[in-house]
Amino acid sequence: MLGALPTRYFLTCGSGDASTELNAFDAALIRAGVGDTNLVKLSSILPPRAREVVLYELPKGAMIPLAYAERISSEKGALISAAVAVGIPQDPDAAGLIMEFSRLGDSGPCEEAAREMVREGMETIRGIRIREIKSISVSHVVQRVGAVFAAVVLCP
Amino acid sequence: MLGALPTRYFLTCGSGDASTELNAFDAALIRAGVGDTNLVKLSSILPPRAREVVLYELPKGAMIPLAYAERISSEKGALISAAVAVGIPQDPDAAGLIMEFSRLGDSGPCEEAAREMVREGMETIRGIRIREIKSISVSHVVQRVGAVFAAVVLCP
Amino acid sequence: MLGALPTRYFLTCGSGDASTELNAFDAALIRAGVGDTNLVKLSSILPPRAREVVLYELPKGAMIPLAYAERISSEKGALISAAVAVGIPQDPDAAGLIMEFSRLGDSGPCEEAAREMVREGMETIRGIRIREIKSISVSHVVQRVGAVFAAVVLCP
């Protein structure tokens, strides 16, 4: 790292249930297809001209940068949701913005909140035009300990 | 990364106000000049012989390691502060120590607290002599949701 | 990073006491032998065929990826513990799983909890066989502000 620039990305999400918080989170990562990697959390910018790819099998144990939302709960029966949204700018030389949101309740309002945060960050705060917003969300009803996870994964 | 060694650094800070916590934090990052990068949080050591540089335009979306303090509040009218301090050792082969602090209230005591933490970490705990302590701080009165951010950014 | 793959690892732990949370944590890192590095927290997978090494002197200020448990307390007299466990799979091409746990109280149950989390994650959730579980733990009685830290450090 130290200046490394991701060139590709994909959106993914998952949920899991287990007997501890960390195991539930791990199970959600597995469902999202990133369970056997070493995730490195970033503050969340999409580099200019980054290209969306389909989720592929990442090398086991590799260090993978990403921006993510998560929610973990041990309240049986609770509905939990997580969402990410990424704004693609009209200007291909501008950066995109990734926003994360999680909440108690359904995933629809969760995903809409993440999209609205992208609009505020790009249009209102940065004053740049959005070409498109991509987003993904997941919800889960807690059985023992439940976790939801939604991410924009950045790749070399 | 995996052993990458930063050779340059700069101190920066900023504040922001928006309608959500993440947007306020993002606005503070923009004001600090690092809003379009992917920040990677470190535990905070200044490598020996690292050289201070002036804030420059970082590549959009690049992964940038840093140590930072932040505070986010939605209590309208509240005064929030964040500060970082970095101790430069007398021995050029020793590591420097970065400390972060944030609080409700003015930035002066916040910055002094970070400087005192550097003194304790270097003189009392490590038993090494300090040549100089550099520090920076910022404060902000919350309007909707407010955020303050102060950082030592490490560069290749 | 961006896909970097650690090939070696070691387990370490330490405790510290100081006048602030960050100084106590820093003191624990020093005792664990990683106090002068820039730690980057990972989500915690052991790459296939990674080799255990003895703790060695890491370059000062280098960026070091790791998975860790920590606990900080300012309750004088409190006993705090932190542990990590890493499961080594029977299949050398499978990934290992690192789990972290911390608690108020003695280190024995803390370490056992981390080991049990590895069993659940590898056997129950991933359905893979474990060859061996390595673990380490530390406890500390708080004097002023106390910190415990246990980690699996990943190296190039």
Side-chain angles (χ1 to χ4, degrees), chain A residues 1-10 12 14-43 47 50 53 56-68 70 72 143-147 149 151 153-156, chain C residues 1-9 38-50 61-67 69 83-87 89 91-103 113-128 152-156:
Chain A
M1 61 181 266
L2 266 175
L5 205 59
T7 60
R8 299 183 300 168
Y9 69 98
F10 59 83
T12 187
S15 63
D17 219 281
S19 69
T20 72
E21 294 198 355
L22 217 48
N23 282 299
F25 183 62
D26 178 51
L29 298 184
I30 292 171
R31 291 274 200 86
V34 295
D36 277 342
T37 61
N38 276 311
L39 306 180
V40 182
K41 196 165 188 172
L42 301 178
S43 66
V53 293
Y56 59 99
E57 199 181 324
L58 298 160
K60 287 185 208 299
M63 298 173 59
I64 303 296
L66 84 175
Y68 68 83
E70 48 101 8
I72 301 175
Q143 295 161 267
R144 289 175 298 163
V145 181
F149 165 85
V153 178
L154 299 173
C155 331
Chain C
M1 58 178 267
L2 266 175
L5 205 60
T7 61
R8 301 184 298 169
Y9 70 98
N38 276 311
L39 307 179
V40 182
K41 194 164 190 173
L42 301 179
S43 67
S44 44
I45 293 296
L46 186 73
R49 300 179 187 279
M63 297 173 60
I64 302 297
L66 83 174
V84 284
V86 52
D91 175 358
D93 292 321
L97 182 65
I98 303 167
M99 284 284 173
E100 310 99 35
F101 195 66
S102 71
R103 70 191 286 267
R115 295 176 68 89
E116 183 53 38
M117 288 159 73
V118 166
R119 275 178 221 113
E120 177 170 345
M122 292 182 75
E123 293 177 344
T124 313
I125 295 177
R126 281 176 181 74
I128 63 175
V152 179
V153 177
L154 300 172
C155 330

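A, B, ... follow the sequence lines: proteins, then strands. Residue 1 opens every chain.
Between Met99(C) atom CE and Asp26(A) atom CG the span is 4.5 Å, to the nearest 0.5 Å. Of the inter-residue distances, the one linking Leu22(A) atom CG with Ile98(C) atom CD1 reads 11.0 Å to the nearest 0.5 angstrom. Note that CD of Glu21(A) is 9.0 Å distant from CE of Met117(C), once rounded to the nearest 0.5 Å.
When the candidates Thr20(A), Leu29(A), Leu39(A), Val34(A) are compared by the number of heavy-atom contacts under 4.5 Å with chain C, Leu39(A) comes out ahead. Chain C forms more heavy-atom pairs under 4.5 Å with one residue of Gly35(A), Gly16(A), Pro59(A) than with any other, namely Gly35(A).
Pairs engaging residues 29-42 of chain A under the side-chain hydrogen bond (donor to acceptor under 3.5 Å, both in side chains) rule: Asp36(A)-Arg126(C) [sequence neighbours left out].
Partner Met63(A) forms a side chain to side chain contact (heavy atoms under 4.5 Å, CB included) with one of Ser43(C), Pro6(C), Pro47(C) and no other, that one being Pro6(C).
Between the side chain of Glu120(C) and the backbone N or O of Asn23(A), no donor-acceptor pair lies under 3.5 Å.
Neither the backbone nor the side chain of Ala67(C) comes within contact range of chain A; no heavy atoms are under 4.5 Å apart. Both the backbone and the side chain of Glu100(C) have a heavy atom closer than 4.5 Å to some heavy atom of chain A.
Take Arg144(A) and apply the side-chain hydrogen bond (donor to acceptor under 3.5 Å, both in side chains) test, not counting sequence neighbours, and it matches no residue.
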